[in-house]
Protein chains: 2
Amino acid sequence: MAKSNSKEKTRDRIINSAKKLFAEQGYQKTTIVDISRQAGLSEAALYEYFQGKEDLLLTIPDLWVSELLRDLDEQLFGIKGAVNKLRKYLWWYIRRVEQAPLDAKIVYLFLKTNANFLNTEVYSNVKNLYSYLVDIFEEGRKTGEMKPELNPLLARDVFVGTMDHIITRWLLKDMTYSLFENLETIFELMVDAFKANHPTLTSQSIL
Amino acid sequence: MAKSNSKEKTRDRIINSAKKLFAEQGYQKTTIVDISRQAGLSEAALYEYFQGKEDLLLTIPDLWVSELLRDLDEQLFGIKGAVNKLRKYLWWYIRRVEQAPLDAKIVYLFLKTNANFLNTEVYSNVKNLYSYLVDIFEEGRKTGEMKPELNPLLARDVFVGTMDHIITRWLLKDMTYSLFENLETIFELMVDAFKANHPTLTSQSIL
DNA sequence: GATATTTCCTAATATCATTAGGAAATATGT
DNA sequence: ACATATTTCCTAATGATATTAGGAAATATC
């Protein structure tokens, strides 16, 4: 299996070169020659591994997001309470973004642009990633930890929107600070939107 | 002034053609030939009006966003109370997006990608657009209408993030529904994050 | 050791963005 | 009205770059 092994190595080298260059110079300004040089190949050889530049762009975040999805279950396992799960989700995701800023940059800045994004494997994986949040809000609503009238889909929009917003700004500002800086405060702010109104009084009410 | 008049007309024709094609097919897939044909010109003539394709891309949202900025002051004039201002801001902005979906699409989907975005006039105008929100939250905090410990910058992040998120999804889904559908509910959800905790009790407390 | 397959390369080819150079139309000054 | 300057536009270049052709070198398979 030395053949397929070396094939995997070359493929990985191409992916990593592309990732680096896309994130540094942007998708448009990165040429196939750039990528293949960086990977120590000719342009033509690259086409043995990928159908083209766009295929390459779509492959990178695909790997990252499906790995995220695999990890998420495990991370939330055993955590009790909707708010605690929500906190874990946020801290986990932000950490993952800080650990893989190049992947994050490609997902957040270059993918949405792409006309095929909605038909992508990445898109459906991202949707899955976010659907966990809907479940968490649903649980919170049911247990009375959160508002009885809470709409889980809209709560997810607030949560994901805020998360994506601070991540996008961080990426545009070239990751010059830590995403964790105000995370606690912003989390508490959001939770106030979701939590039942009078936590010190009885939150169980009969219809 | 027939000369400069006709010049303006041609320029506008180019802008509108580009706007339409960029929004329909994306920036990359739209060619200069496409745009100039649509505008009834040769490619070369287009270069009399714009420095190139990227210049064209950046000009379109520049016009839209500076017009928004001019309008905003007037729209908020005479509205009393931070929550009322916030509501007006949201309804105004969402309406503007629905009225100019092509411009919105270019701002939201193609601009962030661009490496020069942060050095753009558009960027500084968008920042100005958002800075109104910070003022509103500051006012709300001072008058006691909102939490005394509210961080106006973070509140803005929640508000803008949520707004941008629902707009981006709407654009990706090809504007097949109305942005106003759940707006009331989502607004109330967010306001719960900002408002003082016990509105029925005294909200003035001494440190 | 011979043959098939994979991996890679050097050169086309094709598709644009952009520029050159100049013609036609329009404005300006007399 | 005429001559000249300026603006607007056009038909080709030119140049960059994604992709493909065709085949050589390396590697695997029998």
Side-chain angles (χ1 to χ4, degrees), chain A residues 1-61 106 110-111 113-117 120, chain B residues 1-61 106 110-111 113-117 120:
Chain A
M1 292 285 168
K3 174 189 64 179
S4 107
N5 194 338
S6 108
K7 172 149 186 172
E8 277 318 287
K9 271 182 189 162
T10 309
R11 201 183 143 88
D12 284 355
R13 231 170 37 223
I14 296 172
I15 288 180
N16 288 325
S17 306
K19 196 185 287 189
K20 183 159 170 281
L21 291 168
F22 284 156
E24 260 172 21
Q25 329 177 331
Y27 176 72
Q28 295 167 54
K29 285 184 183 157
T30 301
T31 70
I32 294 285
V33 183
D34 288 343
I35 298 170
S36 43
R37 285 252 177 78
Q38 178 94 15
L41 280 173
S42 73
E43 310 105 276
L46 186 147
Y47 284 85
E48 293 287 335
Y49 296 88
F50 297 94
Q51 291 180 353
K53 199 179 170 185
E54 191 174 326
D55 180 33
L56 196 41
L57 175 72
L58 295 176
T59 300
I60 294 169
I106 289 167
F110 304 118
L111 213 57
T113 298
N114 194 280
N116 296 325
F117 175 53
T120 308
Chain B
M1 291 290 170
K3 174 189 63 179
S4 108
N5 194 336
S6 108
K7 172 151 186 170
E8 278 317 289
K9 271 184 189 161
T10 309
R11 200 183 142 89
D12 283 355
R13 231 172 36 227
I14 296 172
I15 287 181
N16 289 326
S17 306
K19 197 186 287 189
K20 181 159 171 280
L21 292 168
F22 284 156
E24 259 172 21
Q25 330 176 331
Y27 176 72
Q28 296 164 54
K29 285 185 181 155
T30 302
T31 70
I32 293 286
V33 183
D34 287 344
I35 298 169
S36 43
R37 283 253 177 78
Q38 177 95 14
L41 279 173
S42 72
E43 311 107 276
L46 186 149
Y47 283 86
E48 293 287 333
Y49 297 88
F50 297 95
Q51 292 179 353
K53 200 179 170 184
E54 191 175 327
D55 181 31
L56 196 42
L57 174 72
L58 295 176
T59 300
I60 294 169
I106 290 166
F110 304 118
L111 214 57
T113 297
N114 193 281
N116 296 324
F117 174 54
T120 306

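Within every chain, numbering begins at 1; the chains are lettered A, B, ... in the order of the sequence lines, protein sequences first and strands thereafter.
- Side-chain contact between Lys53(B) and Leu57(B): absent, with no pair of heavy atoms (C-beta onward) separated by less than 4.5 Å.
- Screening Ile35(B), Thr31(B), Asn16(B) for a side-chain contact (heavy atoms from CB on, under 4.5 Å) involving Leu21(B) leaves a single residue, Ile35(B).
- What you find for Tyr49(B) and Arg11(B) is that their closest heavy atoms are O-NH1, 3.4 Å.
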Does the pair Ile106(B) and Tyr27(B) meet the rule for a side chain to side chain contact (heavy atoms under 4.5 Å, CB included), with working shown?
CA-CA 9 Å; Ile106(B) 290 166; Tyr27(B) 176 72; over 6 Å; no

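- Atoms NZ (Lys53(B)) and P (dG15(D)) sit 21 Å apart, rounded to a whole Å.
- The stretch residues 31-45 of chain B touches DNA chain D through Leu41(B), Ser42(B), Ala44(B), Ala45(B), each having a heavy atom within less than 4.0 Å of the strand.
- Rounded to an integer number of Å, the gap from CD of Gln51(B) to C1' of dT19(C) is 14 Å.
- Between the NZ atom of Lys29(B) and the C1' atom of dT15(C) there is a distance of 15 Å, given to the nearest Å.
- Checked by atom type and distance alone, the side chain of Asp12(A) never pairs as donor or acceptor with a backbone atom of Lys9(A) at under 3.5 Å.
- Straight-line distance from the CG atom of Leu46(B) to the C1' atom of dT18(C): 11 Å, rounded to whole Å.
- Here the closest non-hydrogen pair linking Asp34(A) and Lys29(A) is OD2-O, 3.9 Å.
- Atoms OH (Tyr47(A)) and C1' (dT10(C)) sit 16 Å apart, rounded to a whole Å.
- Whole-Å rounding puts the Phe50(A) CZ to dT20(D) P distance at 15 Å.
- Atom pair Gln25(A):CD and dT17(D):P shows a separation of 11 Å (rounding to whole Å applied).
- With rounding to whole Å, Gln28(B) atom CD is found 12 Å from dA18(D) atom C1'.
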